[in-house]
Amino acid sequence: MKRTKIKALLTSTAFGEEVVVKGWVRTKRENKEIAFIALNDGSIITNIQIVVDVANFNETILKQITTGAAISVTGKLIASGGKGQSVEIQATEIEVYGLADPEKYPLQPKEHSLEFLREIAHLRPRTNTFSAILRIRNTMAFGIHKFFNERGFVYLHTPILTASDCEGAGEMFRVTTLDPIKPPLTDVGTVNYKEDFFGRQANLTVSGQLEGELGAMALSEIYTFGPTFRAENSNTARHLAEFWMVEPEIAFADLEDNMNLAEDFLKYLIHEALENCQEDLAFLDQRFTKEESKKKQEDRSEWGLIEKLKIVLENNFERLTYTEAVKILVDSKPNKKGQFKYPISWGTDLQSEHERYLVEKHFKKPVILTNYPREIKSFYMKLDEDGKTVRAMDVLFPGIGEIIGGSQREEDLDKLVMRMKEVGLKEEDLWWYLDTRKFGTCPHSGFGLGFERLILFITGMGNIRDVIPFPRTPQNCEF
RNA sequence: UCUUCCUUAGCUCAGUUGGUUAGAGCACAUGACUGUUAAUCAUGGGGUCCUUGGUUCAAGCCCAAGAGGGAGAGCCA
């Protein structure tokens with residue numbers, strides 16, 4: 001008989017029908033004559049209750065049904081005879097696929113710390129919190145494709161292996177097939193990468209943007225969505241060595257088009273989550289409230305998780321220039337009282353505390369900062385008329401900080417080459433990139449969204465290591 | 001990479017001024033119980049107090065170094 005997923009059974013009213021469910025045991029409660037098994041198969045956060053008349057089953061089978069065991073249950077779908085659920089299954093037959101020794105199975109029917117669960121990342125998808133996060137992550141990934149597909153964007157597969165060392169987005173992971181102990185050497189004693197697999201140094205990509213621009217200059221609107229790698233030694237709750245990034249690139253678009261796309265995009269995804277992940281969000285909302293209540297009053301979020309999502313959905317993002325933001329910060333109370341650790345002055349990058357003040361205290365909603373000083377931004381960003389600032393934009397979210405970074409690109413060949421010289425990039429290394437400015441150049445814009453940071457915001461989790469199945473961070477590549 | 005905090009039972013954590021036999025809750029095992037909701041009640045088993053070295057009559061507790069983890073910062077998405 002065909003197995004039915006628990007998600008379908010919980011809303012079914014086909015009482016009296018025989019069904020088969022398969023899943024993993026969460027808990028078993030037993031007395032002399034009747035036992036209750038809470039079974040979960042990952043299709044939905046809610047368990048289905050299996051009712052077992054102890055007399056009808058042999059004792060050894062019942063003993064094998066412990067927390068974590070994989071079982072198959074055949075039985076009748078019935079209206080529940082107890083409170084707490086509307087349907088349950090009266091079991092007629094139970095098969096145990098896999099035991100889980102209760103003395104050794106690490107997931108006990110109790111709350112675990114996230115730090116402990118990180119050490120058993122191979123089993124944590126079996127918890128409510130992580131299954132909820134992973135289902136939401138799936139919905140968001142699907143939503144990204146939906147959003148762009150509805151708007152005629154082409155999904156462009158940019159390479160993961162790359163030889164360009166020029167973007168300056170961060171430290172790179174080197175990829176090589178050379179013998180690490182005895183690599184071939186050049187005459188001057190350095191490693192001879194001409195003998196390496198690609199005949200030159202290769203790395204894992206830190207961004208698909210440059211290749212994305214190549215695509216946009218032919219297909220008009222493209223996006224990339226894939227893993228990205230940064231070998232930065234950053235140990236924070238917001239950074240991973242391997243993370244997923246979404247990078248749309250649009251031809252014939254200026255910074256304002258770019259901001260509109262970014263705002264529409266984020267709102268679309270939040271709407272998708274609210275529409276399609278109600279049970280999981282309700283669970284995470286409760287969790288969020290509980291976590292917040294443990295914090296000090298002044299650090300607590302003013303809103304619940306779902307409330308927060310709705311506020312972002314219903315309000316326009318505040319758009320202002322870097323220069324205006326600096327003015328607000330200079331005039332702010334914490335600055336006048338000397339409460340900022342870092343001084344504010346035009347020309348330096350804003351610190352986390354400054355961004356947080358703007359988003360969480362001053363505007364109390366997402367903020368898009370634009371037109372940053374050229375010195376603190378990348379070479380490919382379009383120079384403003386004053387020559388001092390560039391058409392960059394950062395979307396700042398409460399609790400997350402920068403969730404999107406983007407810009408209108410410099411389409412003028414001479415200005416782009418000038419900027420490359422300023423930052424020490426060689427023209428010959430990026431000859432293919434510069435060709436787009438030589439042949440049919442046009443205004444174009446794009447941005448990058450850190451996928452895990454979006455998931456952090458939507459799930460209300462505090463550490464980025466908990467919103468990716470298998471996190472890669474410095475000193476940690478387990479699983 | 002920097003600052004700071006933490007490491008005691010499977011998990012979460014107490015452990016006083018350094019004092020002789022290291023505790024709790026949960027989990028687990030056994031028993032009781034006719035519908036439970038992380039069931040309840042009773043009983044029981046379970047310890048390299050992160051590692052190494054030092055101070056001391058005596059170290060879970062004090063000192064030093066190391067390992068692992070958290071939070072904040074920098075870099076960024």
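In what follows, chains carry the letters A, B, and so on, assigned in the order in which the sequence lines appear, proteins first and then strands, with residues in each chain numbered from 1. Predicted model only: the values in this text are computed from it and were never measured.
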For [X], which contact category applies under a 4.0 Å heavy-atom criterion: base, sugar-phosphate, or nothing?
| X | result |
| --- | --- |
| A:Glu452 | nothing |
| A:Leu240 | base |
| A:His112 | sugar-phosphate |

Any side-chain N or O of [X] under 4.0 Å from OP1/OP2 of [N]?
| X | N | value |
| --- | --- | --- |
| A:Lys377 | B:rC76 | no |
| A:Thr236 | B:rC76 | no |
| A:Lys32 | B:rU34 | no |
| A:Arg29 | B:rC33 | no |
| A:Arg238 | B:rC75 | no |

First encountered from the 5' end of RNA chain B, between A:Gly81 and A:Thr27
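Checking each residue's closest nucleotide, the 5'-ward one belongs to A:Gly81.
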Taking the nucleotide of RNA chain B with the nearest heavy atom to each, does A:Glu119 or A:Glu353 sit closer to the 5' end?
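Its nucleotide being nearer the 5' end, the pick is A:Glu119.
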Should the heavy atoms of other residues, nucleotides or ligands under 6.0 Å from NZ of A:Lys7 be counted, would the total exceed 12?
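Incorrect, the count does not exceed 12.
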Pull out every stem in RNA chain B, meaning runs of 3 or more consecutive Watson-Crick or G-U wobble pairs with both distances under 3.5 Å.
B:1-7 with B:67-73, B:10-13 with B:23-26, B:28-32 with B:40-44, B:50-54 with B:62-66
By nearest atom, which of the nucleotides B:rC75, B:rG35, B:rG70 is closest to the A:Glu232 side chain?
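Looking only at side-chain atoms, A:Glu232 lies closest to B:rC75.
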Show the numbers, then the answer: is there a side-chain hydrogen bond (donor to acceptor under 3.5 Å, both in side chains) between A:Thr139 and A:Glu272?
CA-CA 8 Å; A:Thr139 302; A:Glu272 280 289 296; over 6 Å; no
Which donor-acceptor pairs under 3.5 Å do the side chains of residues 54-71 of chain A make with protein atoms, sequence neighbours left out?
from    : atom 1 : to       : atom 2 : distance (Å)
A:Asn58 : OD1    : A:Thr60  : N      : 2.9
A:Asn58 : OD1    : A:Thr60  : OG1    : 2.6
A:Asn58 : OD1    : A:Ile61  : N      : 3.1
A:Thr66 : OG1    : A:Ala100 : O      : 2.9
A:Thr67 : OG1    : A:Arg26  : O      : 3.2

Going by the angle between their ring planes, with limits at 30° and 60°, are A:Phe147 and A:Phe265 parallel, tilted or perpendicular?
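Tilted.
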Quick one: do A:Glu111 and A:Lys290 make a salt bridge, cutoff under 4.0 Å?
yes
Do the side chains of A:Arg118 and A:Asp466 get close enough for a salt bridge, i.e. N-O under 4.0 angstrom?
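The answer is yes: the pair qualifies as a salt bridge.
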Using the 3.5 Å cut-off, write out each protein N or O paired with an N or O of nucleotides 2-10 of chain B and the distance between them.
from   : atom 1 : to       : atom 2 : distance (Å)
B:rG10 : N2     : A:Gln108 : OE1    : 2.8
B:rG10 : N2     : A:Gln108 : NE2    : 3.2
B:rG10 : N3     : A:Gln108 : NE2    : 2.8

